[in-house]
Amino acid sequence: MATNTQEQQTQAGRHQEVGHKSLLQSDALYQYILETSVYPREPEPMKELRELTAKHPWNLMTTSADEGQFLNMLLKLINAKNTMEIGVYTGYSLLATALALPDDGKILAMDINRENYELGLPVIQKAGVAHKIEFKEGPALPVLDKLVEDEKNHGSYDFIFVDADKDNYINYHKRLIDLVKVGGLIGYDNTLWNGSVVAPPDAPLRKYVRYYRDFVLELNKALAADPRIEICMLPVGDGITLCRRIK
């Protein structure tokens with residue numbers, strides 16, 4: 001009995017460390033995915049950055065390894081060349097994108113905290129992909145407004161990834177829909193929000209989870225009703241909704 005309890009605690013500890021965003025009910029199954037499919041094929045720079053980020057006090061903000069693998073393949077499948085990322089943190093998903101793009105590919109990356117980005121920048125530089133990234137520090141909305149003002153930017157992005165302040169996701173979408181090309185993709189991260197989207201109103205939730213839940217629910221409802229896009233909500237990481245612009 002004691003042995004079983006110890007094994008459960010060990011599994012729970014491992015899951016908390018490397019798979020805290022997974023919504024899979026089985027810790028062992030998620031660990032199987034990581035160890036069988038993700039880690040053996042993870043590029044060395046991404047592994048280095050993932051392990052570096054794990055030591056940061058805000059490591060909960062990072063993109064999960066399985067989601068990084070998914071984004072990397074997705075970008076290759078759609079032959080993305082001009083992309084945008086809103087919310088960078090230390091740059092794990094940014095590195096996954098940069099590695100997937102051709103040598104002349106470009107990423108406009110925005111985050112309110114340059115210090116976090118610079119933590120991962122040496123790894124990105126060592127990987128030889130820093131030249132693909134244009135980093136802007138500060139709120140994204142003013143940058144997006146400037147981009148939208150110039151019609152030459154309309155429909156110019158192949159892929160846009162959003163993993164930032166959930167209370168502005170709707171505001172981002174209003175602008176990004178003009179900037180992504182017809183046939184291009186927008187990916188919104190955390191759209192299942194720790195599973196709280198189906199939690200009852202009186203469920204005991206962490207303060208930040210409860211605060212942002214209504215914004216995530218509002219986004220999900222709006223995306224489902226938007227005739228300009230096709231959508232696919234995937235239970236990868238903390239949930240990612242892909243939006244393909246169709247008009």
Side-chain angles (χ1 to χ4, degrees), residues 10-11 13-22 24 27-111 113-135 137 158-164 185 187 189-190 234-238 240 242:
T10 300
Q11 285 293 334
R14 293 174 71 190
H15 191 248
Q16 183 177 10
E17 177 187 353
V18 299
H20 54 267
K21 289 191 174 184
S22 173
L24 286 175
D27 292 352
L29 183 57
Y30 182 63
Q31 196 67 30
Y32 174 83
I33 292 171
L34 292 175
E35 294 179 357
T36 304
S37 173
V38 180
Y39 292 158
R41 305 302 295 268
E42 185 179 34
E44 191 59 35
M46 290 182 64
K47 177 183 178 183
E48 183 179 352
L49 183 51
R50 175 171 56 81
E51 292 178 346
L52 177 70
T53 304
K55 300 173 185 176
H56 193 275
W58 300 343
N59 59 46
L60 186 69
M61 292 168 55
T62 193
T63 300
S64 61
D66 54 324
E67 187 171 357
Q69 184 185 61
F70 169 72
L71 291 173
N72 183 269
M73 179 175 283
L74 178 66
L75 287 157
K76 292 173 182 174
L77 288 171
I78 67 173
N79 295 313
K81 188 172 181 179
N82 191 38
T83 73
M84 182 191 301
E85 181 159 335
I86 302 175
V88 172
Y89 186 41
T90 61
Y92 187 78
S93 57
L94 184 63
L95 180 55
T97 298
L99 289 171
L101 297 185
D103 193 60
D104 60 345
K106 297 297 180 184
I107 313 166
L108 173 59
M110 291 174 272
D111 199 286
N113 191 319
R114 178 179 289 273
E115 184 178 345
N116 289 336
Y117 168 65
E118 291 183 344
L119 182 67
L121 185 56
V123 180
I124 293 172
Q125 291 171 330
K126 188 166 65 172
V129 293
H131 66 282
K132 303 179 186 180
I133 300 168
E134 178 188 1
F135 180 82
E137 182 181 24
D158 305 310
F159 179 77
I160 301 171
F161 184 58
V162 184
D163 183 9
L185 295 174
D189 203 18
N190 305 113
L234 301 169
V236 176
D238 189 32
I240 178 171
L242 296 180

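Because only heavy atoms are used, hydrogens play no part in the values below, and waters and symmetry mates are left out as well, while side chains stay in.
- Smallest separation of non-hydrogen atoms from Leu99 and Met46: CD1-CG, 3.8 Å.
- For the residue pair Val123 and Pro45, the shortest heavy atom distance occurs at CG1-O, 3.3 Å.
- The side-chain hydrogen bond (donor to acceptor under 3.5 Å, both in side chains) with Glu42 is formed by just one residue from the set Lys47, Gln69, Arg50; it is Arg50.
- Checked by atom type and distance alone, the side chain of Glu137 pairs as donor or acceptor with a backbone atom of Arg114 at under 3.5 Å.
- Looking at Lys76, its side chain never comes within 3.5 Å of a backbone N or O of Ala100 through a donor-acceptor pair.
- Results of the side-chain contact (heavy atoms from CB on, under 4.5 Å) test with Trp58 over Asn113, Thr53, Thr90 single out Asn113 as the only residue that passes.
- Nearest heavy atom pair, residue Asp66 against residue Val236, reads OD2-CG1, 3.9 Å.
- Of the possible polar contacts, none joining the Asn116 side chain to the Tyr89 backbone as a donor-acceptor pair under 3.5 Å is found.
- Here the straight-line distance linking atom CD1 of Ile133 with atom NZ of Lys106 works out to 10.0 Å at 0.5 Å rounding.
- Note that OG1 of Thr97 and CG of Leu101 are 6.5 Å apart. Values are rounded to the nearest 0.5 Å.
- To the nearest 0.5 Å, atoms OG1 (Thr62) and OH (Tyr92) are separated by 7.5 Å.
- From Phe161, atom CZ reaches atom CD1 of Ile86 across 11.0 Å, with rounding to the nearest 0.5 Å.
- A pairwise comparison of heavy atoms in Ala109 and Leu94 identifies CB-CD1, 3.9 Å as the closest pair.
- The backbone N or O of Met61 sits nowhere less than 3.5 Å from a side-chain atom of His56 that would complete a donor-acceptor pair.
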For this session: For Phe135 and Leu121, run side-chain contact (heavy atoms from CB on, under 4.5 Å): C-alpha distance rounded to whole Å, both residues' side-chain angles, the deciding distance at 0.1 Å, then the answer.
Result: CA-CA 11 Å; Phe135 180 82; Leu121 185 56; over 6 Å; no
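- For the pair Tyr30 and Ser64, the tightest heavy-atom approach, listed with the atom from each and the gap, is OH-CB, 3.9 Å.
- Counting only N and O atoms by type, the side chains of Glu67 and Ser93 include no donor and acceptor under 3.5 Å apart.
- Distance check, rounded to the nearest 0.5 Å: CZ of Arg41 to OG1 of Thr36 gives 12.5 Å.
- Tyr39 has its side chain within reach of Leu34: a pair of non-hydrogen atoms, C-beta onward, lies under 4.5 Å apart.
- Side chain of Asn82 to main chain of Asp158: no donor-acceptor pair is present (N/O by atom type, distance under 3.5 Å, no hydrogens or angles).
- Counting heavy-atom neighbours within 6.0 Å of Lys81 NZ, excluding the residue itself, gives a total of 12 or less.
- Of all heavy-atom pairs between Ala80 and Pro102, the closest is O-CD, 3.4 Å.
- Remark: side-chain polar atoms of Asn190 are not paired, donor with acceptor, to backbone N or O of Asp238 under 3.5 angstrom.
- Within 6.0 Å of the CD atom in Glu115, the count of heavy atoms belonging to other residues, nucleotides or ligands does not exceed 12.
- The structure places OG1 of Thr63 at 12.5 Å from CZ of Phe70, a figure rounded to the nearest 0.5 Å.
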